[in-house]
Each structure stands twice: as C-alpha cells, then as structure tokens.
Amino acid sequence: MQLVVARIGRAHGIKGEVTVEVRTDEPELRLGPGAVLATDPASAGPLTIATGRVHSGRLLLRFEGVHDRTGAEALRNTLLIADVDPEELPEGEDEYYDHQLIDLDVVTEDGEPVGRITEISHLPTQDLFVVERPDGTEVFVPFVEEIVTEIDLEEQRAVIDPPPGLIDDRAEVASSRDADGTGDAAETGDDA
C-alpha cells in the first residue's frame, strides 16, 4: 500500500536541497537517507533521499541526481509516497493510518448512525474526517479527542460526541437580542 509521507516545498539554497512538509508521524523511518519514494506526479520520480537535516525547525532533503536550485525548484509541490505493508501499524497506541479509518462507520455515543468516513483531510491545525451521510451529504468531523471518543477497528466504527450543530441543525446561538427581536437598543428621544 502507498501512503503520502511528505510534500516538497520550495528550494533551499543552491545545492539542490528542498523544504519538506512532513505528513507522517514517523519521518525518521520514512524520510531517512537511502529511502526510495514514489512521487505524484509519477514523472518526477522515483526519488532517492541522499541527505536530510533540520534547519530552523524545518526538514530539508536533498535527492540523488538533484544538485542545484533549478532541479530542486522543479520538484516543488511533488508528493512523496512510501510503500507500506498494509499489516503495519503505527507505533503509538492512539495513532492510525488513513487506510485504517476510511470506510469506518461513524456513530454517536448513543449509537445513532451518522455515516461513514470517506476521506481524511489533513489541515495545518488538525485532521478532519469527511463523513458521507446516508442521504449523500457530507459532514466534517474534527479528529480530536474531545469529539472522536473511540476508534474501534474490530467493529469498524468511530464513536463521536459531537457538539450542538456539528452534525445537525440544532446549534445553540448566543444572542444579546430579546426573544421579541427588540434587543437592547437605546432610545434616541426623537418623537418625529
């Protein structure tokens, strides 16, 4: 099975290094020197990592055969893809690969069906489950401990405790207006 482990960013310096947006929890395993990675687009690879280092909190890689800034810049926005054994599991107890979560049934803590996970969206601040409901609509569920309370791979389900308005239209909106809609507007004193 193939997993996206990084996206190549801009060139760094003049010797062929590139910045990398890491998309794996195991960069030392997937992005070490000697690793051979497939690419998307496929025409850019496969790429073999020659060197890697951290500079100012950012991972920099150099690939075999890429020796200058022009070659590095040509790789910008290329996805790096690792071949992973489908039976391999992440090291952490509460960590999952995307393929383990896709197609899980999503239910509330009360057992109410919500839908099934069709995609995992990796955003800078958090991951989101894209959940397809039975009527074909989609709902986005933040993959955070406060909302996703349980992942049961044996039962093929994800249990959620959604806040009001996340999966339904019963959001509670705080308002400073009175029930009659007049609010707290001050009178101007004009009797015109």
Side-chain angles (χ1 to χ4, degrees), residues 1-104 106 116-132 137-148 151 153 158 160 163 166:
M1 174 185 358
Q2 295 190 317
L3 296 176
V4 174
V5 293
R7 183 183 64 80
I8 297 175
R10 64 180 186 231
H12 179 83
I14 59 170
K15 297 183 179 180
E17 286 184 311
V18 294
T19 61
V20 177
E21 175 189 312
V22 176
R23 294 190 180 175
T24 177
D25 290 335
E26 304 163 322
E28 64 284 344
L29 176 66
R30 308 276 182 228
L31 300 171
V36 179
L37 302 167
T39 60
D40 182 8
S43 60
L47 294 173
T48 302
I49 298 175
T51 63
R53 66 185 177 104
V54 176
H55 175 72
S56 297
R58 209 155 206 181
L59 179 61
L60 302 178
L61 297 179
R62 192 175 56 73
F63 301 100
E64 290 181 8
V66 179
H67 303 290
D68 59 21
R69 185 175 187 86
T70 304
E73 195 60 45
L75 296 173
R76 191 174 193 157
N77 293 321
T78 298
L79 296 177
L80 299 175
I81 303 167
D83 281 319
V84 177
D85 180 348
E87 301 300 316
E88 183 180 329
L89 299 175
E91 293 177 5
E93 182 179 326
D94 290 331
E95 295 177 358
Y96 305 94
Y97 290 130
D98 287 4
H99 73 273
Q100 294 176 292
L101 301 171
I102 300 292
D103 287 331
L104 290 185
V106 179
R116 71 179 180 80
I117 300 172
T118 58
E119 183 182 341
I120 312 297
S121 181
H122 300 282
L123 303 176
T125 56
Q126 67 190 14
D127 296 335
L128 289 176
F129 290 161
V130 179
V131 178
E132 183 178 315
T137 61
E138 290 181 335
V139 63
F140 300 101
V141 176
F143 187 21
V144 294
E145 189 176 338
E146 295 79 19
I147 296 174
V148 180
I151 298 289
L153 296 178
I160 65 171
L166 182 67

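Quick caveat, the model's predicted, so the values are computed rather than measured.
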For this session: Using the test ring-ring contact (aromatic ring centres under 6.0 Å, His included), find all partners of H55 that sit at least two apart in sequence or belong to another chain.
Result: H12
Problem set entry | F129: ring-ring contact (aromatic ring centres under 6.0 Å, His included) partners, not counting sequence neighbours | F143
Any side-chain heavy atom of [X] within less than 4.5 Å of one from [Y]?
{"X": "L61", "Y": "T51", "result": "no"}
{"X": "T48", "Y": "L37", "result": "no"}
{"X": "D103", "Y": "I117", "result": "no"}
{"X": "L60", "Y": "V54", "result": "no"}
{"X": "I160", "Y": "V106", "result": "yes"}
{"X": "V141", "Y": "L128", "result": "no"}
{"X": "I120", "Y": "V130", "result": "no"}
{"X": "L79", "Y": "T39", "result": "no"}

For this session: Calculate, to the nearest 0.5 Å, the distance between atoms CD1 and CZ belonging to I8 and R10 respectively.
Result: 14.5 Å
Exercise. What distance separates L75 CG from R7 CZ, expressed to the nearest 0.5 Å?
Worked result: 12.5 Å
Exercise. Under 4.0 Å between a Lys/Arg side-chain N and an Asp/Glu carboxylate O for E17 and R69?
Worked result: no
Exercise. Within a reach of under 6.0 Å around CD1 of I102, are more than 12 heavy atoms found that belong to other residues, nucleotides or ligands?
Worked result: yes
Problem set entry | Over 12 non-hydrogen atoms of neighbours within 6.0 angstrom of CD in Q126 | yes
Shortest non-hydrogen contact between [X] and [Y], atoms and distance:
{"X": "H67", "Y": "R62", "answer": "ND1-NH1, 4.3 Å"}
{"X": "V66", "Y": "A72", "answer": "CG1-N, 3.5 Å"}
{"X": "V18", "Y": "F63", "answer": "CG2-CE1, 3.7 Å"}
{"X": "V36", "Y": "P46", "answer": "CG1-CB, 4.1 Å"}
{"X": "G52", "Y": "P33", "answer": "N-CG, 4.4 Å"}

For this session: Could you point out which residue of V22, V5, I81 forms a side chain to side chain contact (heavy atoms under 4.5 Å, CB included) with R30?
Result: V5
Problem set entry | Full working for side-chain contact (heavy atoms from CB on, under 4.5 Å) between I14 and D68 | CA-CA 5 Å; I14 59 170; D68 59 21; over 6 Å; no
